[in-house]
Amino acid sequence: MGHASTLPKTYQKLRDETAVRDRSLREKVMTLEEAASFVSDGEHVAIGGCTMSRTPIAMLWALIRSGRRKLTVSRSIVSTEGDLLYASGVSDHIITSWFSQGIVWGISQVMRHFTENHVAKFEEWSHMSMGLRYRAGAMGIPFMPTRSMLGSGVRDVVTESVKEMICPYTDDKLLLLPALNPDTALIHVQRADKYGNAQLDGLQFMDLDIAMAAKRVILTTERIISNDQIRRTPDQTKIPFLTVDAVVEAPFGAAPHECYGNYEPFFSHLGAYAEATRRDPVAGVEEYLNRYYREPKNWADYLSLLGVTELLDASRRGRSIVND
Amino acid sequence: MGHASTLPKTYQKLRDETAVRDRSLREKVMTLEEAASFVSDGEHVAIGGCTMSRTPIAMLWALIRSGRRKLTVSRSIVSTEGDLLYASGVSDHIITSWFSQGIVWGISQVMRHFTENHVAKFEEWSHMSMGLRYRAGAMGIPFMPTRSMLGSGVRDVVTESVKEMICPYTDDKLLLLPALNPDTALIHVQRADKYGNAQLDGLQFMDLDIAMAAKRVILTTERIISNDQIRRTPDQTKIPFLTVDAVVEAPFGAAPHECYGNYEPFFSHLGAYAEATRRDPVAGVEEYLNRYYREPKNWADYLSLLGVTELLDASRRGRSIVND
Amino acid sequence: MIEGANHTSSELLAIMSARILRDGQVVFAGVGVPLLAATLAQRLHAPGLTILFEGGVLGPFVVPGELPPSTNEQRCTRKANMILPITDVLLLLQRGYVDVGFMGGAQIDKYGNLNSSYIGDPSNPKIRLPGTGGGNDISSLTQMIVTMKHERRRFVEKVDFVTSPGFLDGGTSRAEAGLPAGGMFKVVTDLAILGFDPVTREMVVEALHPGVTLNEVRDNTSFDIKANGIETTESPTDRELSVLQEFDPDRIYTA
Amino acid sequence: MIEGANHTSSELLAIMSARILRDGQVVFAGVGVPLLAATLAQRLHAPGLTILFEGGVLGPFVVPGELPPSTNEQRCTRKANMILPITDVLLLLQRGYVDVGFMGGAQIDKYGNLNSSYIGDPSNPKIRLPGTGGGNDISSLTQMIVTMKHERRRFVEKVDFVTSPGFLDGGTSRAEAGLPAGGMFKVVTDLAILGFDPVTREMVVEALHPGVTLNEVRDNTSFDIKANGIETTESPTDRELSVLQEFDPDRIYTA
């Protein structure tokens with residue numbers, strides 16, 4: 001089984017793949033496990049959110065439990081979920097602009113272990129380039145011209161994936177970033193209806209473009225709301241139902257990361273993870289996977305392991321953004 | 001005096017022009033007349049809103065009264081304001097995708113008179129192409145690749161302004177639309193603070209891209225609100241203060257067009273205008289300009305001429321979108 | 001023309017067009033008859049029809065008696081699922097999320113090219129029309145249904161100007177111009193329903209409205225037009241007419 | 001190094017960097033010392049400083065004691081003027097709305113090129129670092145202030161990998177590579193403030209912190225470095241230190 005190509009498709013192929021999708025207004029609520037079965041080994045999966053924000057942890061949890069292999073994973077910035085994807089064998093190829101738990105915890109020793117030993121690949125693009133690649137994919141164009149990455153090593157290491165041109169209008173040098181159209185996008189939101197209309201509060205990151213660019217979108221949501229509520233404030237809808245293929249209600253679906261306005265990161269849990277993987281990257285992450293990903297019976301069981309005290313504390317801090 | 005070029009600038013020029021702008025958080029509230037003085041003859045002025053929605057009528061009213069000449073004007077879709085710009089001599093070159101009062105009133109006889117007699121130019125691009133040209137301008141890139149307009153007469157008549165290329169990734173044929181960076185953007189919004197942070201309700205049209213693309217932005221707003229209110233809901237801010245150069249409070253600033261959630265179009269006023277210009281395009285529009293644009297002492301005087309009954313009726317209908 | 005006692009030809013256009021739309025489709029609709037037809041289909045046989053408006057609206061339910069003057073006013077946004085910038089709603093076409101575009105036309109030719117820009121020589125026109133709006137984008141990027149009155153001056157051998165590309169010069173010329181997706185699907189007139197030959201891409205008559213003859217269609221078409229296993233459409237029903245009249249009580253678009 | 005009884009070297013970096021920022025500027029700030037420095041400047045001498053965060057935040061006021069773990073969490077959005085998508089906040093750099101970018105660095109060379117990707121051979125590195133994030137974009141598209149500890153292993157003749165371009169090979173090479181705008185402005189270390197020669201684009205010492213000698217700077221720099229009319233900076237004031245400590249009471253970023 002090969003890896004997904006992450007270079008642009010011909011327009012005909014892009015259109016054909018979209019044409020056969022069921023884009024009608026239909027109910028698509030399902031379980032985490034059902035949604036996980038949509039993803040095939042070897043696919044390119046894009047992850048919404050950024051660093052520790054609105055990471056679709058519940059869906060990644062289900063993917064890791066389902067035993068998927070050799071996914072190519074892309075994301076704006078990758079945090080602890082990248083360690084878990086490498087260590088579980090779900091992905092051996094991550095495309096992103098930055099990969100580590102977060103600056104306050106120091107460099108990810110798990111990322112170092114897997115990349116320095118050539119077990120897995122960390123393909124690095126600049127942050128804006130990641131965004132523009134998704135945006136080109138969302139717009140149905142094969143590339144986006146940009147001024148970034150020129151002259152740098154970042155450009156050189158992806159030289160087989162980029163083109164340069166001289167602008168026919170201005171004679172400026174431009175880099176043409178290849179469109180990124182993921183096979184599946186995983187996006188966690190505060191609220192969505194059963195059709196997949198999603199309303200996001202606060203930071204949007206690259207989620208709108210990722211949803212438009214992907215061939216399939218799996219939404220997890222803190223709460224499924226009525227379509228009536230969506231239609232009362234249509235200018236708050238950020239992802240339209242017609243791009244969405246699955247909707248899963250997953251309360252605390254980004255824990256131990258944050259979900260804007262709902263909960264902040266679970267700092268002590270994340271601190272303990274960082275400490276354990278600093279001591280021993282391989283054993284530390286394996287133990288974490290067993291305890292939090294493989295052994296729990298279900299998502300509620302996982303949340304119980306995080307602990308009610310932590311859930312309440314993260315929620316209290318999270319809600320302070322709207323109720324200070 | 002020549003007309004503004006509407007082809008892409010070199011990156012150096014674009015950057016230099018932006019670097020010298022005062023982008024600091026500073027108060028910029030002024031009168032319509034003061035804001036009108038920012039615009040020079042021969043410039044390229046972009047107009048926000050679309051057709052009869054959030055047209056910055058108050059600012060156009062001030063520009064017409066100020067006697068500006070030979071502006072190149074661009075807009076997504078042009079309605080009655082285009083007639084007035086032609087007839088007043090403010091503009092003899094309008095770049096847009098569609099130009100007429102609105103389908104229910106039939107074709108604009110004023111537009112016909114000026115264009116068919118070669119007095120003024122109506123440069124036609126597809127609607128998405130207009131949007132992508134502004135978007136390229138907003139993004140700081142010299143062109144946007146697209147699949148639209150290819151093979152059509154619309155493409156042929158602007159052949160000197162477009163380029164084609166074969167995609168180096170997919171071998172597809174692409175049209176490269178030139179970025180549009182207007183000298184001045186005129187945008188009317190529901191609310192903005194004194195620094196120019198604007199929050200738009202409902203339909204956004206191309207306003208966000210126009211604001212980012214322009215070298216100067218003049219905002220008119222139904223109401224100036226506090227910066228505190230802006231900071232309570234920062235994810236509702238659509239235009240950031242650092243792109244804005246002038247803020248003018250202009251209640252009913254889009255009348256007789258609509259302002260989402262505030263008032264609908266003034267249908268009987270618009271019907272009377274259509275009828276008058278159908279009978280005699282030249283005399284009809286001249287009479288209208290005299291009565292509504294040249295003779296009123298101030299903006300309140302203009303609104304008085306529209307009539308309190310019409311103002312109330314348009315408001316009642318307008319508010320029904322949020323209070324039905 | 002079968003403008004009877006109980007309906008106008010605009011109503012006929014709206015009803016015949018509405019019937020072509022299928023439940024679950026995503027339809028990019030222009031103002032006027034297309035908007036009415038899409039709304040009619042939504043209320044009758046296609047409750048899951050998703051309407052897109054150029055002003056930036058996804059999945060609205062237009063309110064009876066409150067028809068918008070264009071696709072860019074707040075009336076278009078009633079009970080919408082989403083409001084988005086114009087450029088982004090049009091990009092849904094380019095990305096491929098739209099099943100069918102639906103609009104009126106001033107002039108059409110045998111390959112389904114539409115003209116809404118100039119009557120006469122474009123550099124010195126007899127009439128300067130309002131132009132493309134989103135018409136060029138819609139017809140460049142998706143499958144099209146066009147609805148218009150069937151008149152010789154409108155159905156011409158070659159349009160004065162290609163505002164919205166159909167099949168250009170026929171055959172594979174559309175794809176060769178850089179438009180591999182979409183193309184003309186149906187033309188609905190007050191006389192007939194027309195399709196396009198899958199190889200030559202010439203317009204063909206597929207169905208006649210009740211009481212209309214093929215000769216009548218040919219008399220009102222200024223190019224040679226073939227017929228393809230002609231069917232006869234069903235007359236507008238009272239239900240269709242009453243829903244239409246409920247939506248457009250002032251006959252703004254169905255006069 | 002002048003780590004005294006009353007401040008850490010991170011506090012020194014934050015304070016010396018903050019002083020370079022001017023009121024009214026638009027600053028794209030990374031997490032850690034840059035965020036602290038920008039916040040400090042905002043509270044002391046630049047109340048109209050506009051901070052941008054990569055996560056999509058324009059003009060926030062970070063709350064004391066609630067420092068975000070990165071620039072991408074809700075703590076970054078306190079009292080912001082606007083929240084926008086990541087790509088769009090980064091595009092403000094490309095469009096030219098940003099005066100200065102401000103970040104830390106792991107390794108820098110004499111032309112101000114920064115490395116935050118690989119220590120050693122990129123194809124077989126000794127250490128795989130976290131990578132560019134927005135660093136490449138910021139340094140490609142605007143003027144840069146970099147703040148970092150002054151150590152020989154960090155100040156190298158040539159970086160192992162150019163993550164974020166400074167002046168590349170010096171002279172006009174940056175513009176020739178396609179980056180006509182921006183470039184390195186200042187490097188703030190715990191020993192000195194460094195600038196770049198306007199022609200050769202080589203790093204030069206512009207100011208020393210109190211008690212630091214030029215030789216000390218040269219000892220901690222592994223390439224030849226010239227001095228340019230050297231000044232001495234003012235010691236951190238109590239006011240600066242107390243505001244910093246108010247913002248970072250747990251010394252997350254100023255340990």
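Given the structure is predicted, the values throughout are model-derived calculations rather than measurements. In what follows, chains carry the letters A, B, and so on, assigned in the order in which the sequence lines appear, proteins first and then strands, with residues in each chain numbered from 1.
Of all residues in residues 30-38 of chain D, those placing a non-hydrogen atom less than 4.5 angstrom from a non-hydrogen atom of chain A are D:V31. Inspection of non-hydrogen atoms places D:P69, D:S70, D:N72, D:E73, D:Q74, D:R75, D:T77, D:R78, D:I83, D:P85, D:I86 of residues 65-86 of chain D under 4.5 Å from chain A.
Neither the backbone nor the side chain of D:L93 comes within contact range of chain A; no heavy atom of the residue lies under 4.5 Å from a heavy atom of that chain. Residue A:V78: no heavy atom, backbone or side chain, is found under 4.5 Å from chain D. With a 4.5 angstrom heavy-atom cutoff, A:F267 touches chain D only via side-chain atoms. Proximity to chain D (any heavy atom under 4.5 Å) is shown, for A:S320, by both the backbone and the side chain.
Side-chain contact annotation: D:Q94 with A:T146, donor-acceptor N/O pair under 3.5 Å present. Of the N and O atoms on the side chains of D:N124 and A:H118, at least one donor lies less than 3.5 Å from an acceptor on the other residue.
Of the possible donor and acceptor atoms, one in the side chain of D:D137 sits under 3.5 Å from a partner among the backbone N and O of A:M128. Judged by distance alone, the side chain of A:E116 and the main-chain N or O of D:P125 form no donor-acceptor pair under 3.5 Å.
From A:E124, atom CD reaches atom OG1 of D:T132 across 6.0 Å, with rounding to the nearest 0.5 Å.
For A:G131 against D:T87, the heavy-atom pair with the smallest separation is CA-OG1, 3.2 Å.
Residues D:D88 and A:R135 are in side-chain contact: their nearest non-hydrogen atoms beyond the backbone lie under 4.5 Å apart. You'll find the side chain of A:L132 reaches within 4.5 Å of the side chain of D:L91, heavy atoms only.
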